[in-house]
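Encoded as structure tokens, the structure appears first; notes follow it.
Chain A is the first sequence line, chain B the second, and so forth, proteins listed ahead of strands; every chain is numbered from 1.
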Amino acid sequence: AQSVSQHNHHVILSEAASLELGCNYSYGGTVNLFWYVQYPGQHLQLLLKYFSGDPLVKGIKGFEAEFIKSKFSFNLRKPSVQWSDTAEYFCAVNARGGGFKTIFGAGTRLFVKA
Amino acid sequence: KAGVTQTPRYLIKTRGQQVTLSCSPISGHRSVSWYQQTPGQGLQFLFEYFSETQRNKGNFPGRFSGRQFSNSRSEMNVSTLELGDSALYLCASSLGLAESTDTQYFGPGTRLTVL
């Protein structure tokens with residue numbers, strides 16, 4: 001069965017600090033990988049996604065993620081966080097060609113201190 | 001382009017009752033997925049409908065059901081409500097590409113409280 005594990009449930013950073021959120025998934029076939037973000041009071045929205053090509057993908061607001069197939073990982077990074085990055089971040093996976101049976105990780109709540 | 005809309009936004013029911021939630025996808029989107037979000041379990045996949053057919057199903061009991069209409073609007077129904085069904089129910093729509101690589105757009109959710 002597919003599963004997604006996010007390493008940190010809560011992260012507190014100061015502005016300008018670097019961010020890395022870990023994500024590991026368990027699935028034997030070809031997958032599509034996603035990071036979603038939920039800002040306070042807003043809808044869940046896509047940050048970035050990977051399905052093929054360059055394993056380093058860039059998303060909105062300066063975020064990027066690296067797919068490492070051998071480690072089943074898809075970690076999210078941002079070189080310098082801002083107070084406005086305070087949100088909950090979800091890693092997600094679905095099977096290529098399997099429709100949208102998307103499995104989400106438990107989420108990481110990021111709080112950025114101004 | 002209008003986003004995904006869900007109605008109602010808030011709902012309070014009592015145990016044993018049933019409830020129907022509605023989702024209108026973005027125009028042109030043919031895939032609608034439903035998720036349950038709770039503090040303890042996070043986001044859990046309920047089911048996905050594509051062109052009026054259930055394409056995928058999560059691990060929820062049969063009390064949870066859904067359907068999709070010819071205009072891609074979708075409804076989900078929960079019968080015989082239990083306290084544990086209290087949650088935020090999210091709907092997401094997408095084009096429904098064969099490779100599942102397209103972006104899912106989420107609605108604001110329906111907050112269901114079961115007393």
- Query: Within a strict 4.5 Å, meaning less than it, do heavy atoms of the B:Q37 and A:F90 side chains meet?
  - Reply: yes
- Interface moiety of A:Q38 toward chain B, non-hydrogen atoms closer than 4.5 Å: side chain
- For B:Y35, is it the side chain, the backbone, both, or neither that has a heavy atom closer than 4.5 Å to a heavy atom of chain A? side chain
- Show your working on ring-ring contact (aromatic ring centres under 6.0 Å, His included) between B:F45 and A:F104 and close with a plain yes or no. CA-CA 8 Å; B:F45 173 80; A:F104 282 79; 9.4 Å; no
- Note on the structure: Under 4.5 Å to a heavy atom of chain B? For A:K49 that would be side chain
- Item | Which atoms of A:A95 approach chain B - backbone, side chain, both or neither, heavy atom under 4.5 Å | backbone
- Message: Between A:K101 (side chain only) and B:K57 (backbone N and O only), is there a donor and an acceptor less than 3.5 Å apart?
- Response: yes
- Item | Heavy-atom check, side chain of A:T102 versus side chain of B:L43, under 4.5 Å | no
- Note on the structure: Ranking B:G58, B:G107, B:S33 by heavy-atom pairs under 4.5 Å to chain A gives rank one to B:G107
- Got A:Y36 and B:F106 here, is their nearest side-chain heavy-atom distance under 4.5 Å? yes
- Side chain, backbone, both or neither of B:T103 within contact of chain A (heavy atoms, under 4.5 Å): both
- Message: Using heavy-atom distances under 4.5 Å, tell me whether A:L46 contacts chain B through its side chain, its backbone, both, or neither.
- Response: side chain
